[in-house]
K.L.:
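Questions regarding the structure given below will be posed in turn.
Residue numbers begin at 1 in each chain, while the letters A, B, ... track the order of the sequences.
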Amino acid sequence: MRRSMRRWSTAFLLPAALLFLLIVIYPVIRMIGYSFTNWSGAGPKVWVGLGNYRYMWSDPIFVRSLVHTFWLMCGALVIQIPLGFALAMLLSRKLPGYRFFRTVYFIPVVLSTVVIAQLWTQIYQPQFGIVNVFFRAVGLGGLARPWLGNTHTALWSIVAVVGWEYVGLYMVIFLSALQRIPASLKEAASLDGAVGWQQTRYLTLPLLLDTFKLSTILVVTGSVQYFNLIWLMTEGGPANSTSVLASYMFLHAFQENQFGYASAVAGFMLAVSLILAVGLQIAFRREAIELA
Amino acid sequence: MNRWTTGILGASVGLAVTGLLSAGTFKPSAAKPAQNLTMWGISGQPDQGMIARQVSAFEKQHPQIHVQLTFYSDANLKIKVKTATAAHDLPDVFYWWGGSYIQPQIQAGEALNLLPYMNSHPQWKRQFLPGTFKNYTDHHKLYAVGQGMNFVLLFYNRALLAKAGIHQPPSTYARVLQDIKTLNAHHITPFALDGKDGWPLQEWYTYFVMRDGGVNTIYNALKGKESWAAPAFIKAAKQVKQLIQLHAFESGFESYGDTAAQNLYNNQKAAMLMWGNWVVGSLEQPQYKTVRKNTSFVRFPLVPGGKGVLSDAQGGANGAWVVNGQTQHATAAEELLQFLTSAPRTDQNVTVAGNIPPNYVHYNPKLEPKLFNQVVAAGKTFTKYNLFWNEILPSAASTQYIQLLQEMATGQLSPVQMCRQFESYMKING
């Protein structure tokens, strides 16, 4: 019986596995192959061994892009997860209007990134953007600046938008996890005198550890690959001050016709993502808690 | 082909619009099996509408040929074509640029040599101006036909300048510097600049190099006859820096894209715009009636002690149509190109889109906007051209130069450091 089930399972999984091999694994293998060549995207590929990987570390813009990616990841972690959790906790109390706010907070997640980029480019607009208009209106005109045009503020301005864009997603993830905590556990905790922060600290947070793990992996791996909003808002500029690994790779592939080198950068990004994902899995490893 | 020597075109733009060649009559081809052509063009009005109508007219004349036409923005088209080149998935016909830009397609065999077809259709060939094939020619083979010629001018808004008490055009560099100060004192942005894309700032830098060292300076550096850190390059970089320090451009210009920058000028928020003559077509749109009325231009001014002359221009034969070298419908695609770049379509390129095509064309100047006729008249005075960087440098070097220039503009590099770093880069990669 069990063997028969296994056969059927394998048979049903096979089409999806083949598709996965074809559209994910095969391109990745090809990409790794390209990364050892000099290839302009047209014409012959010249074998350079590890040359592209070595060159990466001698390019200061690559190093800067790596540092910017790290800051983007830190910013996303600091904004998205705590804020997403806090909003979920608030909404889980089902205060008046919670359905409205749940929708409002989630809207950025379903908005097109192009729309978000346009919206925030206008908000940061130096002359009539709402941020600078606000500062001028409250007598803090000295703080008004070209947020996306200044090498010191551009990256953090984008980090704030990335945080805003995905807070709603993590709010929904946490909200759904919170709703899975049985009311009986909370009641028992209350009877034991654990209320308010104590209940959050000793009951909710431990029970949500798997959700934190999932969210952290999503934020971290997503940050390593993050591209679209940055490209739309600044194209990695000014003067590479918002360049991240993905925009650096894109620039080399599609503007400089260095597909071999760009593949090496993509290979590096893949390795970083895998290391971080596996590392986080290990760091968060613990016994599963059964809620039901 | 020595690609950078192609930049100095002897072509006189004047010929483009005053020549009186009798247009060859176009004969529809004989009945053939149905063919579907794919075509990628560049979006933006009024050109997009004109091309779409012309393609429809072609389909009516050639019922057996159907053209699936898609338009992409300038930036997206560049990415699409590069990706499709790598994937061997280019459309049958696509809009592209010459010089170093078309080299990957030539090397991959994805640009068709149009010369045999053109030689067998001499009435088509005769419609092009002398010298306008050079930018698309490699090893005596022709890989594209031009759609337009461009040169960069300094446009200004007379009304805004007058508001600041300026009644003379900024025809000398000293005047430009003075006008910047005066306009800033009147809270008017002197120049609109797309600093996000990098290449518009590069156009400023190029003009300074041309004016300081002469039109051959950049080509000499490309040939290795002169250093990229020669005095003309350093002086030009310092002049760009000087403009930035004087707040010549809008606050936060580094974050303004091309549309945002042009909107500043078109909506009369900036007094001047150094831009290609393609701006004329966009100014013809009804919503810009006021700014169009107030717009004049001068050629990029001379600089004190410089070797350049006013008849040197930045630009040349520019955007072009390419036929995919792997197409299954080569003749149909070539017929389409012939149709698009023959009279009366080339005349429409002037009368509808306000472009300057690389062809002999017929039009009545009295029916054309005053600004267009003035631009054409200025074009007649140009004798030598410095092509745009993305056509004279390989993509990687061009991007490198833009990045260094942006680093200089944002204060991360000094003008001298910028030039020396590019010199080092070209020594290794040039």
K.L.:
Considering only heavy atoms, give the residues of residues 244-256 of chain A separated from chain B by less than 4.5 Å, sorted numerically, with 'none' for an empty result.
P.N.:
A:Phe250, A:Leu251, A:Phe254, A:Gln255, A:Glu256
K.L.:
Identify which of A:Ala154, A:Pro238, A:Gly237, A:Pro126 forms the greatest number of heavy-atom pairs closer than 4.5 Å to chain B.
P.N.:
A:Pro126
K.L.:
Pick one of side chain, backbone, both or neither for A:Thr234, based on which atoms fall under 4.5 Å of a heavy atom in chain B.
P.N.:
backbone
K.L.:
Assess the side chains of B:Glu110 and B:His88: does a donor N or O sit below 3.5 Å from an acceptor N or O?
P.N.:
yes
K.L.:
If you check every heavy atom in residues 402-417 of chain B against those of chain A, which residues fall under 4.5 Å?
P.N.:
B:Gln403, B:Gln406, B:Glu407, B:Thr410, B:Gln412
K.L.:
Tell me, with the steps shown, if A:Val109 and A:Glu165 meet side chain to side chain contact (heavy atoms under 4.5 Å, CB included).
P.N.:
CA-CA 6 Å; A:Val109 181; A:Glu165 185 182 5; over 6 Å; no
K.L.:
Are A:Thr221 and A:Ser273 linked by a side-chain donor-acceptor pair shorter than 3.5 Å?
P.N.:
no
K.L.:
I'd like to know which of B:Gln400, B:Lys196, B:Glu254, B:Gln107 tops the heavy-atom pair count under 4.5 Å against chain A.
P.N.:
B:Lys196
K.L.:
How about A:Trp39 and A:Asn257: does a side-chain donor come under 3.5 Å of a side-chain acceptor?
P.N.:
no
K.L.:
Identify whether NZ of Lys or CZ of Arg in A:Arg54 sits under 6.0 Å from the centre of the six-membered ring of A:Trp57 and within 45° of that ring's axis.
P.N.:
no
K.L.:
Just checking, any donor-acceptor pair under 3.5 angstrom between side chains of B:Asn157 and B:Gln268?
P.N.:
yes
K.L.:
On the ring face of B:Trp96, is B:Lys78 found with NZ or CZ under 6.0 Å from the centre and within 45° of the axis?
P.N.:
no
K.L.:
Please confirm whether A:Phe36 and A:Tyr53 have ring centers closer than 6.0 angstrom.
P.N.:
yes
K.L.:
With distance as the sole criterion, is a donor-acceptor pair present between the side chains of B:Tyr401 and B:Tyr205 under 3.5 Å?
P.N.:
yes
K.L.:
Determine the sole option in B:Trp204, B:Tyr256, B:Trp275, B:Tyr265 for which the ring pair (Phe, Tyr, Trp, His ring centres under 6.0 Å) test with B:Phe191 is passed.
P.N.:
B:Trp204
K.L.:
Verify whether one side chain among B:Ser73 and B:Ser43 offers a donor that lies under 3.5 Å from an acceptor in the other.
P.N.:
no
K.L.:
Just so I understand: if I count every heavy-atom pair under 4.5 Å between each of B:Ser395, B:Gly252, B:Ser398 and chain A, which residue has the most?
P.N.:
B:Ser395
K.L.:
Please flag which part of A:Asn150 lies under 4.5 Å from any non-hydrogen atom of chain B: side chain, backbone, both or neither.
P.N.:
neither
K.L.:
Measure across A:Ala239 and A:Arg64 and return the closest heavy-atom pair with its distance rounded to 0.1 Å.
P.N.:
O-NH2, 3.2 Å
